[in-house]
Amino acid sequence: MAHLPSELISHQQKVCRLYKRAVRCIEDWYHHTHDRRYEIALLRERFDKNKDIKDMRHAKYLLDEGEKELFSKIHPQPITFANSATGGAYNRECQIPDWVLDYWHPLEKARYPKYFARREQMKDEYIKWYFETYPEEKKKIDSH
């Protein structure tokens with residue numbers, strides 16, 4: 001399903017978003033920090049030069065022209081952040097289940113005695129709670 005905008009975006013927000021996309025575009029093209037910062041300073045000067053325009057028609061025209069210019073200068077292989085939706089590490093966080101800790105070697109467990117003592121206590125409390133909440137499960141286990 002296509003993205004449907006749920007709120008109106010002000011002209012100021014559109015300009016800010018255009019600026020941020022333009023900065024990202026400059027970062028795609030210039031890999032040396034001093035070159036990149038120089039180009040971003042020139043870009044900021046262009047935006048600041050037009051920030052006090054009161055005529056909304058002219059401001060809208062400049063925004064549209066900026067969008068067209070950005071589209072014409074977009075990099076063919078833009079840099080993506082690793083954890084963003086288009087990045088290579090997106091959704092790679094693995095949730096390690098708790099039972100993995102049961103298979104630790106006793107020498108590994110000895111490093112964290114308080115944690116594993118509390119963990120065993122919590123496991124016992126959970127088992128007690130479970131069989132109090134579901135007594136029919138205890139009957140099934142006892143019958144086997």
Side-chain angles (χ1 to χ4, degrees), residues 1-105 107-141:
M1 183 166 170
H3 174 70
L4 299 173
S6 60
E7 77 278 348
L8 295 174
I9 299 172
S10 69
H11 179 76
Q12 181 182 7
Q13 288 174 318
K14 290 178 185 177
V15 171
C16 288
R17 290 177 184 187
L18 173 64
Y19 176 74
K20 185 169 184 174
R21 288 194 324 249
V23 167
R24 295 282 187 222
C25 183
I26 288 173
E27 290 173 353
D28 293 339
W29 287 105
Y30 297 94
H31 301 290
H32 296 291
T33 306
H34 59 280
D35 294 333
R36 183 183 323 132
R37 290 185 68 180
Y38 177 73
E39 292 297 326
I40 291 172
L42 293 177
L43 176 70
R44 182 60 189 235
E45 180 187 11
R46 287 179 63 188
F47 272 79
D48 284 343
K49 190 169 39 174
N50 296 316
K51 71 178 181 181
D52 294 324
I53 294 177
K54 302 291 183 210
D55 183 15
M56 283 308 292
R57 285 183 293 170
H58 185 60
K60 175 84 169 114
Y61 170 77
L62 288 174
L63 181 65
D64 291 340
E65 289 299 313
E67 293 279 355
K68 289 177 189 174
E69 182 181 346
L70 177 64
F71 182 75
S72 69
K73 292 184 178 183
I74 201 158
H75 196 277
Q77 287 183 321
I79 296 171
T80 56
F81 295 102
N83 291 321
S84 69
T86 57
Y90 180 67
N91 254 353
R92 284 198 184 178
E93 306 89 24
C94 59
Q95 301 296 325
I96 299 172
D98 185 60
W99 57 263
V100 172
L101 295 174
D102 292 334
Y103 292 96
W104 277 26
H105 191 273
L107 291 176
E108 291 177 311
K109 291 181 180 181
R111 291 182 187 169
Y112 311 101
K114 290 180 184 177
Y115 174 78
F116 281 98
R118 176 71 178 128
R119 185 171 180 275
E120 290 300 320
Q121 180 186 357
M122 289 176 66
K123 283 170 46 178
D124 293 339
E125 289 172 4
Y126 177 76
I127 291 170
K128 181 181 173 193
W129 169 85
Y130 182 80
F131 287 130
E132 286 175 359
T133 308
Y134 305 105
E136 65 274 2
E137 295 296 323
K138 181 140 176 105
K139 291 177 189 173
K140 287 182 188 177
I141 292 173

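Remember, it's a predicted structure, so these values are computed and weren't measured experimentally. Quick note: residue numbers are just sequence positions, from 1.
Between the H32 side chain and the H34 main chain, no donor and acceptor come within less than 3.5 Å of each other.
For R37, there are no salt bridge (charged side-chain N to carboxylate O under 4.0 Å, His left out) partners at least two apart in sequence or on another chain. For Y126, the ring pair (Phe, Tyr, Trp, His ring centres under 6.0 Å) partners are W129, not counting sequence neighbours.
Looking only at side-chain heavy atoms (C-beta outward), R119 and D98 come within less than 4.5 Å of each other. Y112 places none of its side-chain heavy atoms less than 4.5 Å from the side chain of L101. Q121 places a side-chain heavy atom less than 4.5 Å from the side chain of R118.
The shortest non-hydrogen separation linking L43 to Y19 is CD2-CE1, 3.9 Å.
The pair K60-D64 counts as a salt bridge, with a side-chain nitrogen and a carboxylate oxygen less than 4.0 angstrom apart. A salt bridge links E27 to R24: one of the charged nitrogens lies within less than 4.0 Å of a carboxylate oxygen. Under the 4.0 Å criterion applied to side-chain N and carboxylate O atoms, E137 and K140 are assigned as salt-bridge partners. Under the 4.0 Å criterion applied to side-chain N and carboxylate O atoms, E65 and K68 are assigned as salt-bridge partners.
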Verdict with reasoning, E120 to K123, per salt bridge (Lys or Arg N to Asp or Glu O under 4.0 Å): CA-CA 5 Å; E120 290 300 320; K123 283 170 46 178; 3.4 Å; yes
Derivation and outcome, side-chain contact (heavy atoms from CB on, under 4.5 Å), residues F116 and W104: CA-CA 11 Å; F116 281 98; W104 277 26; 3.5 Å; yes
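The aromatic rings of Y61 and H58 lie parallel to each other, their planes meeting at an angle below 30°, with 60° marking the opposite boundary.
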